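Each remark here refers to the structure printed beneath this line.
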Amino acid sequence: MLDIKFIRENLKVVKDSAIAKGFDISFLDDLVACDEERRSLIAQIDKLNSEKKNNTDREKGKEIKDSLKEKEERFREVLDKFEKLMLRVPNPSALDVKIGTEADNEIVKTWGTIPAFDFKIRDHVEIGELTDSIDIERGTKVAQSGFYYLKNGGALLELALVNYAMKKLVSKGFVPVITPNVAKEKSVVGCGYQARSDKERQIYHIEGEDLDLIGTAEITLMGMHSDEVLNGSELPIKYAGFSYCYRTEAGSYGKDVRGILRVHEFRKTEMVVICKPEESDIWHEKLREIEEEIWQELEIPYQVIKMASGDLGSAAARKYDIEAWMPSQNKYREVTSTSVTTDFQTRRLNIRAKINNETVYPHALNGTVFSGRPIIAIMENYQREDGSFEVPAVLRDFVGKDIIEIKK
RNA sequence: GGAGGGGUGCCGGAGCGGUUAACGGAACGGUUUGCUAAACCGUGGCUCUCUAAUCGGAGCCCAUGGGUUCGAAUCCCAUCCCCUCCGCCA
């Protein structure tokens with residue numbers, strides 16, 4: 001959410017930046033008109049309240065009450081519309097972000113050497129079957145397409161990744177958090193995710209409850225501090241959250257149907273940072289560096305993508321994705337993402353901070369540490385001729401094995 | 001599931017029908033000061049308005065939404081949440 005004063009005074013900027021993100025801006029003029037009526041009604045209601053306060057006459061009092069009721073009813077309607085429109089205004093992209101579409105995304109860094117195999121390589125589905133690490137078929141039988149079992153090496157590997165990631169982040173001063181896997185709509189919308197009323201919603205809703213299954217721990221981690229006033233000395237707040245994540249993947253039917261790249265349920269370790277406004281750009285680079293450090297330690301080739309404006313979504317002002325090398329696809333695929341949302345989410349969630357006696361909206365950032373996808377990259381990049389795969393050196397102590405052998 | 005108690009500012013906590021958020025603490029700013037500490041002074045949040053900005057002016061906010069009243073934090077109703085005890089389950 002943006003400051004309405006900023007929108008009012010910089011309408012052209014807001015419009016241009018919304019266009020750059022690929023948003024329809026026809027509602028913005030509506031918003032401005034709505035804001036005008038809202039303010040006019042506030043002035044009228046304030047005046048009536050002032051009269052009410054200073055009045056002791058019975059008849060006059062009743063009269064004031066009637067017109068107050070009328071104005072307040074109208075005000076409620078206008079406010080409701082105003083708030084809905086406000087939630088639709090996207091966060092402008094940062095100044096250093098390229099204006100353009102997905103095609104303008106920029107590779108800002110490439111790291112590692114693409115492995116050369118002297119045998120016919122397998123994809124993670126085959127390796128998962130041969131090592132009895134991933135059972136997609138039974139996941140589908142018991143749950144639905146898009147759910148899967150991790151077994152044996154697969155299960156150990158995932159737990160190892162979580163432990164490794166948590167250990168690293170704790171050493172960097174992050175607070176480890178295991179969050180609920182559901183959240184009320186308030187936190188979901190507060191983070192800029194679609195409301196449940198939207199048809200193409202990306203998240204599952206629990207019927208009969210004000211609860212959604214979260215698509216990322218960002219929702220529960222950010223929601224933790226909604227409606228709070230933080231003390232400036234508490235900042236930056238750094239969380240390493242672990243949660244299950246649920247995504248409907250509506251609108252992506254037919255994409256990545258093979259394997260576990262795109263699934264309805266996975267586990268993710270997510271960083272969230274809430275910091276002073278002037279420090280958010282530095283933190284964004286730090287989060288990217290942490291993500292890179294992990295892929296370097298795993299010794300898996302990757303590239304860093306800086307997203308162009310059109311690929312940012314509503315909340316992000318800047319976003320970097322890390323794409324890891326996936327041998328079976330012969331290309332890099334997204335495995336992490338880090339965004340700075342400036343004060344967009346903190347406004348929506350009403351997270352404030354008192355800094356030098358001034359109440360401000362702090363800035364918020366998020367970044368993936370691990371999700372289910374790294375398992376794919378590890379299996380494929382570390383595969384051996386017989387279908388087994390090596391465990392990356394940094395994970396061996398956590399897994400307790402050097403090699404995940406095939407099941408005979 | 002049953003019975004009771006309670007939701008007031010950053011925190012604790014008073015007020016229980018008459019315009020005003022008592023009081024205490026924390027934090028921050030200021031004064032004083034070799035330094036630190038102490039002491040003293042100042043500062044609730046939100047919105048609208050004025051302003052280049054500050055200052056100023058006005059209104060709102062006592063869990064949420066209604067109601068009663070000339071007037072509601074205070075009385076009534078509904079809803080949500082928290083706590084204690086009992087029961088049930090583990």
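All of these numbers come straight from a predicted model, not from anything done at the bench. Chain identifiers are assigned alphabetically (A, B, ...) following the order of the sequence lines, protein sequences preceding nucleic acid strands; residue numbering begins at 1 within each chain.
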Between protein and nucleotides 49-52 of chain B, what N or O pairs are separated by less than 3.5 Å?
from: B/rU49; atom 1: OP1; to: A/Arg39; atom 2: NH1; distance (Å): 2.7

Find the distance [X]:[atom1] to [N]:[atom2] and express it as a whole number of Å.
X: A/Asn49; N: B/rU47; atom1: CG; atom2: C1'; value: 12 Å
X: A/Ile4; N: B/rC46; atom1: CD1; atom2: P; value: 17 Å
X: A/Leu211; N: B/rC81; atom1: CG; atom2: P; value: 11 Å
X: A/Ile42; N: B/rG57; atom1: CD1; atom2: P; value: 20 Å
X: A/Leu230; N: B/rG45; atom1: CG; atom2: C1'; value: 15 Å

Which part of the nucleic acid, if any, lies within reach of A/Lys184 when heavy atoms closer than 4.0 Å are counted: base, sugar-phosphate only, or nothing?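 The answer is nothing, as A/Lys184 stays clear of every strand by at least 4.0 Å.
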For A/Ser50, give me all partners under side chain to side chain donor-acceptor pair (under 3.5 Å), at least two apart in sequence or on another chain.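 In terms of side chain to side chain donor-acceptor pair (under 3.5 Å), with neighbours along the sequence ignored, A/Ser50 is linked to no residue.
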Dot-bracket, RNA chain B: Watson-Crick or G-U, under 3.5 angstrom, [ ] crossing, | other strand? ((((((((.[[[..)..(....]]].(((((.......)))))((((((......)))))).[[[[[..)....]]]]])))))))....
Would one find a side-chain N or O of [X] under 4.0 angstrom from OP1 or OP2 of [N]?
X: A/Arg352; N: B/rG9; result: no
X: A/Ser50; N: B/rG59; result: yes
X: A/Lys354; N: B/rC11; result: no
X: A/Arg38; N: B/rC48; result: yes

For the C1' atoms, the ones on B/rA22 and on B/rC62, what distance do you get once it is rounded to whole angstrom?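 Looking at atom C1' only, B/rA22 and B/rC62 are 14 Å apart.
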Interatomic distance at P, B/rC40 relative to B/rU54, whole Å: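 Taking atom P in both B/rC40 and B/rU54, they lie 32 Å apart.
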Table please: side-chain donor-acceptor pairs of residues 86-94 of chain A below 3.5 Å, with sequence neighbours left out.
from: A/Asn91; atom 1: ND2; to: A/Ala315; atom 2: O; distance (Å): 3.0
from: A/Asn91; atom 1: ND2; to: A/Thr341; atom 2: O; distance (Å): 3.0
from: A/Asn91; atom 1: ND2; to: A/Thr342; atom 2: OG1; distance (Å): 2.9

So which protein N/O to nucleotides 70-73 of chain B N/O distances come out below 3.5 Å?
from: B/rC70; atom 1: OP1; to: A/Arg58; atom 2: NH1; distance (Å): 2.7
from: B/rC70; atom 1: OP2; to: A/Lys62; atom 2: NZ; distance (Å): 3.1
from: B/rC70; atom 1: O2'; to: A/Asn55; atom 2: ND2; distance (Å): 3.4

Which protein N or O atoms sit under 3.5 Å from an N or O of nucleotides 28-30 of chain B?
from: B/rC28; atom 1: O2'; to: A/Asn357; atom 2: N; distance (Å): 3.4
from: B/rC28; atom 1: O2; to: A/Asn357; atom 2: OD1; distance (Å): 3.4
from: B/rC28; atom 1: O2; to: A/Asn357; atom 2: ND2; distance (Å): 3.4

